[in-house]
There are 6 protein chains.
Amino acid sequence: MDNWLASLITETPTEGYDLAVKMSRVAVKLTQPDAAMRDKLRPEYAEDAEALIAVSHVVATNFATVAAANGYWRK
Amino acid sequence: MDNWLASLITETPTEGYDLAVKMSRVAVKLTQPDAAMRDKLRPEYAEDAEALIAVSHVVATNFATVAAANGYWRK
Amino acid sequence: MDNWLASLITETPTEGYDLAVKMSRVAVKLTQPDAAMRDKLRPEYAEDAEALIAVSHVVATNFATVAAANGYWRK
Amino acid sequence: MDNWLASLITETPTEGYDLAVKMSRVAVKLTQPDAAMRDKLRPEYAEDAEALIAVSHVVATNFATVAAANGYWRK
Amino acid sequence: MDNWLASLITETPTEGYDLAVKMSRVAVKLTQPDAAMRDKLRPEYAEDAEALIAVSHVVATNFATVAAANGYWRK
Amino acid sequence: MDNWLASLITETPTEGYDLAVKMSRVAVKLTQPDAAMRDKLRPEYAEDAEALIAVSHVVATNFATVAAANGYWRK
């Protein structure tokens, strides 16, 4: 993949959250590069409550990093 | 979704906790945008002890970020 | 719920730990507001080793936040 | 329980690690106060690889807090 | 293994993320040094949604460390 | 166990990572002191993808602490 993560700095917390979602997905892509296989797995997590909660946990972990990088957008 | 996370700053720890709960839910919405499917999954986690504990873990992770952003509401 | 988390500041680490336990439980209450259902689920985690360990992990995550808020009670 | 966590400060990292182990166990005690039930559950995790790894994760989380409290015992 | 982790400093967040992925894999190698066995296990996680999410969580945890080491590449 | 964790300070990130691996194992030893039982459990996690990922997560959590203790070996 190219330079997909050029910076951790975002304008707003909402954009920072979107970045955290993206970061969470890239690790999956790097581990399973086959897009067809990823599509096949999608219902496995998008229709499974525990998997969705696990996704949310990963996003929370990445958001903590993005938020710290942005000084929590305090001003 | 619009600018749903305008700021991490809240008046009180209680409001910060509510924000952490909201943040935990948004990742689920972004991963499973179909509201009908989410409603169908609800009993799967709301009536399952391990899933509820997992939800609580995600909230704790998000609350850590919100609390740091607010200087722990120390005054 | 009312203003149940008025402050993260406690007198001692022990009280901070108790607060972390409380914080861990509130996320469960907010996700499953039905007290009768929560009572029904109680044996599911209180008599299951993995669930108890998971509870302990959530408490540890919340305690990290409370401890930081209190400057680790260093005096 | 009495004031079991009087301080997060320890002489050495080893003692800090022991404290982290203790902290990890107390959350279990508070959630399952029945000692006989806890004894019954013991083989469930002490003879299960995934549960032992989960215990180690909780200890790691608590140790992070204890280590920060002690300034990482840097001198 | 030789000195595989000479530094946590990287030029860009993208390279930092790649390092976090590498760090996540090394723990697996140290625990299961047999490359043939690791290859055998690969489909078990690369074709399993929950395992892929778990991988992403480990990467997020390691990336937090790498990002902090690099001052979040703020300049 | 004796004073096995005399210090969190290491010369290099690689040595810090090795220390994180050791720390992750000690919690298992303290919870399951019987070496024969631990040997019996070894295939359970060394040949299971999810368990190996979980091990990697614990190492990542401990490495975060070791890295912070060492000022990220920034020089």
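Every chain is numbered from 1, with letters handed out A, B, ... down the list of sequences.
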Check your understanding: What part of A68(D) lies closer than 4.5 angstrom to a heavy atom of chain C: side chain, backbone, both or neither?
Key -> both
Review point. Contact part of A67(C) toward chain D, heavy-atom cut-off under 4.5 Å: side chain, backbone, both or neither?
Key: side chain
Between chain D and chain C, going by a 3.5 Å limit, which atoms form donor-acceptor pairs, if any?
{"residue": "N3(D)", "atom": "OD1", "partner": "T14(C)", "partner atom": "OG1", "Å": "2.5"}
{"residue": "L5(D)", "atom": "N", "partner": "T14(C)", "partner atom": "OG1", "Å": "3.0"}
{"residue": "L5(D)", "atom": "O", "partner": "T14(C)", "partner atom": "N", "Å": "3.4"}
{"residue": "L5(D)", "atom": "O", "partner": "T14(C)", "partner atom": "OG1", "Å": "3.1"}
{"residue": "M23(D)", "atom": "O", "partner": "Y17(C)", "partner atom": "OH", "Å": "2.7"}
{"residue": "S24(D)", "atom": "O", "partner": "S56(C)", "partner atom": "OG", "Å": "2.7"}
{"residue": "A27(D)", "atom": "N", "partner": "Y17(C)", "partner atom": "OH", "Å": "2.9"}
{"residue": "T31(D)", "atom": "O", "partner": "R42(C)", "partner atom": "NH2", "Å": "2.8"}
{"residue": "Q32(D)", "atom": "NE2", "partner": "A46(C)", "partner atom": "O", "Å": "2.6"}
{"residue": "E44(D)", "atom": "OE2", "partner": "A49(C)", "partner atom": "N", "Å": "3.0"}
{"residue": "T61(D)", "atom": "OG1", "partner": "H57(C)", "partner atom": "NE2", "Å": "3.1"}
{"residue": "A68(D)", "atom": "O", "partner": "R74(C)", "partner atom": "NH2", "Å": "2.8"}
{"residue": "A69(D)", "atom": "O", "partner": "R74(C)", "partner atom": "NE", "Å": "2.7"}
{"residue": "A69(D)", "atom": "O", "partner": "R74(C)", "partner atom": "NH2", "Å": "3.3"}

Exercise for review: Flag the one option from V59(C), V58(C), I53(C) with the top tally of heavy-atom pairs under 4.5 Å to chain D.
Suggested key: I53(C)
Exercise for review: Evaluate the side-chain proximity of L41(D) to L52(C): yes if any heavy-atom separation is below 4.5 Å, no if none is.
Suggested key: yes
Point to revise | Part of M23(D) lying under 4.5 Å from any heavy atom of chain C | key: both
